[in-house]
Number of protein chains: 2
Amino acid sequence: MADKVTINDIARLAGVSKATVSRVLNRKPDVDPATRERILHIIEEQSFVPNMAASGLAGGQSRLIGVLVPSLTWHFIPYIIRGVAEAVAQTSYDLVLYSMNDLEQDKSDALARILTTKLTAGLLGIVPGQSAKYVTRLHKHGMPIVIIDDQIQPPAHIPWVGVDNLSGAYTAVRHLIRLGHRRIAHIRGPMRNLCCQERHQGYCKALQEAGITPNPEWILDGDFTSEGGEIAARKLFALPPEKRPTAIFASSDPTAYGIISAAEEAGVRIPGDIALVGFDDLETSAYIRPGLTTIRQPFVEMGRKAMELLFSMLNTQPLSKQPLLHQPFGAANQTESEPVRVYLDTRLVVRASCGASQGPQSFAQAV
Amino acid sequence: MADKVTINDIARLAGVSKATVSRVLNRKPDVDPATRERILHIIEEQSFVPNMAASGLAGGQSRLIGVLVPSLTWHFIPYIIRGVAEAVAQTSYDLVLYSMNDLEQDKSDALARILTTKLTAGLLGIVPGQSAKYVTRLHKHGMPIVIIDDQIQPPAHIPWVGVDNLSGAYTAVRHLIRLGHRRIAHIRGPMRNLCCQERHQGYCKALQEAGITPNPEWILDGDFTSEGGEIAARKLFALPPEKRPTAIFASSDPTAYGIISAAEEAGVRIPGDIALVGFDDLETSAYIRPGLTTIRQPFVEMGRKAMELLFSMLNTQPLSKQPLLHQPFGAANQTESEPVRVYLDTRLVVRASCGASQGPQSFAQAV
DNA sequence: TTGTATGCGTTATCAA
DNA sequence: TTGATAACGCATACAA
C-alpha cells in the first residue's frame with residue numbers, strides 16, 4: 001500500500017498535468033471523455049483519495065459537514081444523529097461533531113474555529129440554544145446551514161427542520177376525547193421552549209373544539225424529566241377523587257414515566273383510573289408497563305431530512321459514494337430549491353396506557 | 001469580525017516573523033518569554049484560530065480525532081460517544097465521525113481517506129468488527145489508535161478499553177445463587193462474540209463454584225435482541241414446571257426484555273416464578289416493569305477512558321482549552337506510559353426482577 | 001481541451 | 001532566540 005499517492009503521481013501515470021487530474025476530480029465539464037476515463041481508472045487503480053487538507057487550503061469544497069450537538073444527554077439526540085449519519089453515508093462527506101457543553105466559552109471557540117477554518121462545507125445545528133446567535137452570524141457569512149430546533153422561533157430564512165408540535169398535541173388530546181375523556185390534565189414542559197407553548201396550544205385547541213373549558217387546576221408545569229413529571233402528577237393524585245382528571249397529556253415521554261411512577265406510588269391504576277398520553281415515542285415507551293400511548297416524533301427522519309436539505313444547499317452536489325466512475329457529469333447542479341422550513345409528521349402510537357383502543361384511531365393523522 | 005486573520009497578520013502586528021508565531025502556537029520551548037507573552041496577547045486580541053487545513057498540510061499535528069462507529073443502531077453506542085465527547089470537550093480537539101454502514105466498500109474508503117489524509121491525529125475504533133484489519137494496518141503505520149471492542153480477541157499491542165465480561169457474568173449468577181437459586185438458565189448472545197463466550201464462562205464458573213452442574217437444557221442461544229430473548233424464553237416456559245429453571249441470566253438487557261414479554265405471555269410471574277438478571281443496564285431497564293436487575297456496563301466511562309488513553313498517546317499533549325495563555329510551557333510531554341489494556345469495572349444493579357433483595361449484596365463487586 | 005504558474009496558511013529546515 | 005524560505009497537495013486563473 002503506497003503510503004501516499006498524490007495528484008502528481010496520478011498526473012504522471014496518466015501522462016497529463018495535475019490540473020487535468022484536478023479537473024476530473026472536481027467534475028469540471030471541460031475535459032476530454034477519453035482522458036477522463038483514463039485518469040479515472042488510474043485513480044481507482046492507485047486507490048487515490050485527495051488530501052482534504054490540501055484541497056481545503058486551496059479553496060476547494062471541503063468534504064466535511066459540521067454538526068453542532070448539545071451535550072448528548074438529551075434522549076433523542078442520538079436518534080437524530082443516526083439519521084444524519086445515514087444521510088451522510090450516502091455521500092462522500094464526513095461528519096465533524098462539535099458538542100457544546102453548555103459553557104458559553106466553548107461555544108464561541110468552536111464556532112470561531114468553524115468560521116475561520118474553511119474546512120466544513122456546511123453546518124447542521126441541532127438545538128443550538130445559546131449558540132443560535134453564532135449560527136445566525138455564520139449563516140449571514142454565507143455558510144450553508146440547517147437547524148433542528150424546537151426551543152425558539154426559528155430565525156427567518158435559515159432552513160429549519162422539525163415537527164408540528166401543535167397538531168401533535170392536538171392529535172394526542174383528540175385521542176383522549178374520542179375515548180370519552182373530558183377531564184384531561186396537561187403536564188407541560190419548560191414554557192420558555194416554543195415546542196412547549198405549541199403543545200399547550202394544541203391541548204387547548206382540542207379541548208375547545210370539543211366544547212371543554214380547560215381547567216387551570218389541571219395544567220401543571222414539568223420540566224421534561226421524569227422527576228418533574230412525578231412531582232406534578234403527585235399534585236394531581238393528591239386532589240380529592242371527584243376533582244381529579246381522568247386522563248393526562250404529558251409533554252414528553254420521560255414526563256409520562258414519572259407520572260407512571262407517581263401513579264404506582266399513589267395506587268392509581270393506569271389506564272384503569274387514569275389514561276395517559278406522552279410525546280416523543282422514545283424506545284423505552286414500548287417496554288415500560290403500561291406501554292405508553294404517545295405521539296411519535298420522527299427523530300431519525302429529522303436528522304436525515306436535515307442533511308438532505310443541507311446537501312441540496314451546497315453548491316456542489318452530494319457526490320454519491322461511487323461518483324467518479326459511474327456518474328453522469330456535466331449539468332448536475334439542478335438542485336431544486338427546497339423549502340426552507342420542513343415540517344415532518346408526527347404520529348399517534350397507541351399502546352396500553354389509554355386502555356383498550358376502541359376503533360380505528362390508531363393512525364389518526366396530524367391535521 | 002475580521003473575516004480571516006492569519007498567522008501573517010499576527011506576525012505583522014507583533015513585529016516578528018510568522019515562524020516565531022508558529023513556535024508559540026506549537027509550544028516550542030525556544031522562544032523568549034517576553035515575545036511569547038506579547039504574541040499571545042495579540043492572538044487573543046484578534047481571536048486568531050489557526051487554520052486546520054493549513055497546519056495539517058504543513059505536517060503539523062492535526063486537531064482532529066477520528067471515531068469509527070458502527071451504525072448507531074447498537075443501543076450503547078450513543079453512551080460511549082457521550083463519554084468520548086466529554087473527554088474531547090476538555091481539549092482543543094474535534095471529533096470526526098466515521099460511521100460504517102456494514103458495507104465493506106464504505107469501510108475501506110473511509111479508512112483510506114484517514115490513511116491518506118493526515119488530518120486525524122488519532123483514531124478511536126468502536127467495535128470495528130470487519131474493519132478491524134484496516135485498523136490494525138493503520139496502527140502498524142504508526143497511527144495512535146485505541147479500540148473498544150468486545151467482539152473479538154483484542155489484537156495484541158493495540159490499546160484497548162472494555163469490561164471484564166467474565167467477572168460481570170460471574171457476579172450476576174453469584175447474586176442469583178445467594179438468593180437461593182440453583183436452577184439457573186442462561187440465554188446467551190451470539191457466541192462468535194468474545195464477550196458472549198466470556199459471559200458464558202462466568203456463568204459456568206459461578207455455578208461450578210457452588211457445586212452446581214450446568215444443565216445443557218437451560219443454556220439457550222439468543223442474539224442480543226428482544227426477539228431472540230423472547231423466542232428462547234418460550235422454550236424454557238414450555239418445559240414442564242418441574243423441569244423449569246427458577247432463574248435466568250440473560251446475556252443482554254434487550255434479551256431480558258424479550259424474556260419479560262415471553263413471561264407475560266406464558267403467565268409466568270417475574271420475580272414470583274422466575275428471577276431475572278440482565279447485562280448492560282440500559283436506561284430502559286430502570287423503567288421496565290419489573291425493574292431489571294442487571295450488570296451495569298460503564299459505557300460513558302468507557303468512551304471517556306478510551307479518549308484519555310488516546311490523548312496520552314499523542315506525542316503532543318492534549319492541550320487544554322485555554323492553553324496558550326495559562327499553561328506551563330516546556331517539558332510537558334511526560335505522558336506516563338499508560339497500560340494498553342484497560343478493564344473497567346462492571347457493577348451489579350439490583351432492581352425488582354429478582355425479588356426482594358436480602359442483604360447488602362446490592363453493590364457486590366466484580367472479582 | 002490541456003498545461004503552467006501561483007497561492008492557500010502553516011510547519012519545518014536551515015541560517016543568522 | 002529569531003528570521004527567511006522551502007515544502008505540503010491541491011484548485012484555479014490564465015495561457016496555449
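In what follows, every chain begins at residue 1, and chains take the letters A, B, ... in the order their sequences are listed.
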Participant: Kindly say if B:Lys18 contacts the phosphate of C:dT10, meaning a side-chain N or O under 4.0 Å from OP1 or OP2.
Facilitator: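 For C:dT10, OP1/OP2 do not have a side-chain N/O of B:Lys18 under 4.0 Å.
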Participant: Just compare D:dC8, C:dT10, D:dT2 and give me whichever is closest to any side-chain atom of B:Asp30.
Facilitator: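 For B:Asp30, the side-chain atoms sit closest to D:dT2.
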Participant: Answer with base, sugar-phosphate or nothing: what part of the nucleic acid does A:Asp32 contact at a heavy-atom distance below 4.0 Å?
Facilitator: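 Result for A:Asp32 = sugar-phosphate.
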Participant: Any side-chain N or O of A:Ser17 below 4.0 angstrom from OP1/OP2 of C:dG3?
Facilitator: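 Indeed, a polar side-chain atom of A:Ser17 lies that close.
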Participant: Between P on C:dT11 and CZ on B:Arg23, what's the gap in Å once rounded to a whole number?
Facilitator: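 In whole Å, C:dT11 P and B:Arg23 CZ are 11 Å from each other.
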Participant: Rounding to an integer number of Å, can you tell me how far B:Leu25 CG sits from C:dG9 P?
Facilitator: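 From B:Leu25 CG to C:dG9 P: 15 Å.
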Participant: Choosing from D:dT2, D:dG9, C:dT10, which nucleotide comes nearest the side chain of A:Thr6?
Facilitator: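 The nucleotide sitting nearest to the side chain is D:dG9.
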Participant: Start at the 5' end of DNA chain D and walk down; is the nucleotide closest to B:Val16 or to A:Gly59 reached first?
Facilitator: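 Per heavy-atom nearest nucleotide, the more 5' residue is B:Val16.
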Participant: Give the rounded distance in Å between these two atoms: CG of B:Leu57 and P of C:dA12.
Facilitator: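 Taking atom P of C:dA12 as the reference, CG of B:Leu57 is at 13 Å.
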Participant: Closest to the B:Val31 side chain: C:dT11, D:dT2, D:dC10?
Facilitator: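 Taking heavy atoms from C-beta onward, the closest nucleotide is D:dT2.
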Participant: Using C1' atoms of five pairs at each end, report the bend of the helix from C:dT1-D:dA16 to C:dA16-D:dT1 rounded to 10 degrees.
Facilitator: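 For the helix from C:dT1-D:dA16 to C:dA16-D:dT1, the axes at opposite ends meet at about 30°.
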Participant: Which nucleotide in the set C:dT10, C:dT11, D:dG3 lies at the smallest distance from any side-chain heavy atom of B:Asn26?
Facilitator: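 Between C:dT10, C:dT11, D:dG3, the one nearest the side chain of B:Asn26 would be C:dT11.
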Participant: Report the C-alpha distance between A:Asp149 and A:Ile152 in whole Å, list the side-chain angles of each, state the deciding distance to 0.1 Å, and finish with yes or no for side-chain contact (heavy atoms from CB on, under 4.5 Å).
Facilitator: CA-CA 7 Å; A:Asp149 191 1; A:Ile152 59 171; 3.5 Å; yes
Participant: Donor-acceptor pair, distance only, cut-off 3.5 Å: does the side chain of A:Thr20 make one with the backbone of A:Val16?
Facilitator: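 Checking the backbone N and O of A:Val16 against the side chain of A:Thr20, no donor-acceptor pair under 3.5 Å is found.
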Participant: Check this one for me: any side-chain N or O of B:Thr20 less than 4.0 Å away from OP1 or OP2 of D:dG3?
Facilitator: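 Checking D:dG3 against B:Thr20, a side-chain N or O does come within under 4.0 Å of OP1 or OP2.
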Participant: So which heavy atom on B:Pro159 is nearest to which on B:His139, and how close?
Facilitator: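 Minimum heavy-atom separation between B:Pro159 and B:His139: CD-NE2, 4.2 Å.
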Participant: Are B:Ile10 and B:Val5 side-chain neighbours, meaning at least one heavy-atom pair lies under 4.5 Å?
Facilitator: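 SC-SC contact between B:Ile10 and B:Val5 confirmed.
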Participant: Below 4.5 Å, heavy atoms only, C-beta onward: do A:Pro70 and A:Ile77 meet side chain to side chain?
Facilitator: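 Of all side-chain heavy-atom pairs linking A:Ile77 with A:Pro70, at least one is under 4.5 Å.
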Participant: Could you check whether any side-chain N or O of A:Arg38 sits under 3.5 Å from a backbone N or O of A:Ala14, counting only pairs where one atom can act as donor and the other as acceptor?
Facilitator: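 A pair under 3.5 Å: yes.
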Participant: Assign each of B:Val21 and A:Ala54 to its nearest nucleotide of DNA chain C by heavy atoms, then name whichever residue's nucleotide is nearer the 5' end.
Facilitator: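 Its nearest nucleotide being more 5', the pick is A:Ala54.
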Participant: What's the NZ-P distance between A:Lys4 and D:dG9, to the nearest Å?
Facilitator: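 Taking NZ of A:Lys4 and P of D:dG9, I get 5 Å after rounding.
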Participant: Would you say D:dA11 has OP1 or OP2 under 4.0 Å from some side-chain N or O of A:Ser22?
Facilitator: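 For D:dA11, OP1/OP2 do have a side-chain N/O of A:Ser22 under 4.0 Å.
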Participant: Rounded to the Å, how far apart are B:Lys28 NZ and C:dA12 C1'?
Facilitator: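 Distance, rounded to whole Å: 8 Å.
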Participant: What's the closest nucleotide to the side chain of A:Ala58 if the choices are D:dC10, D:dA4, C:dT10?
Facilitator: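 Selected nucleotide (nearest to the side chain): D:dC10.
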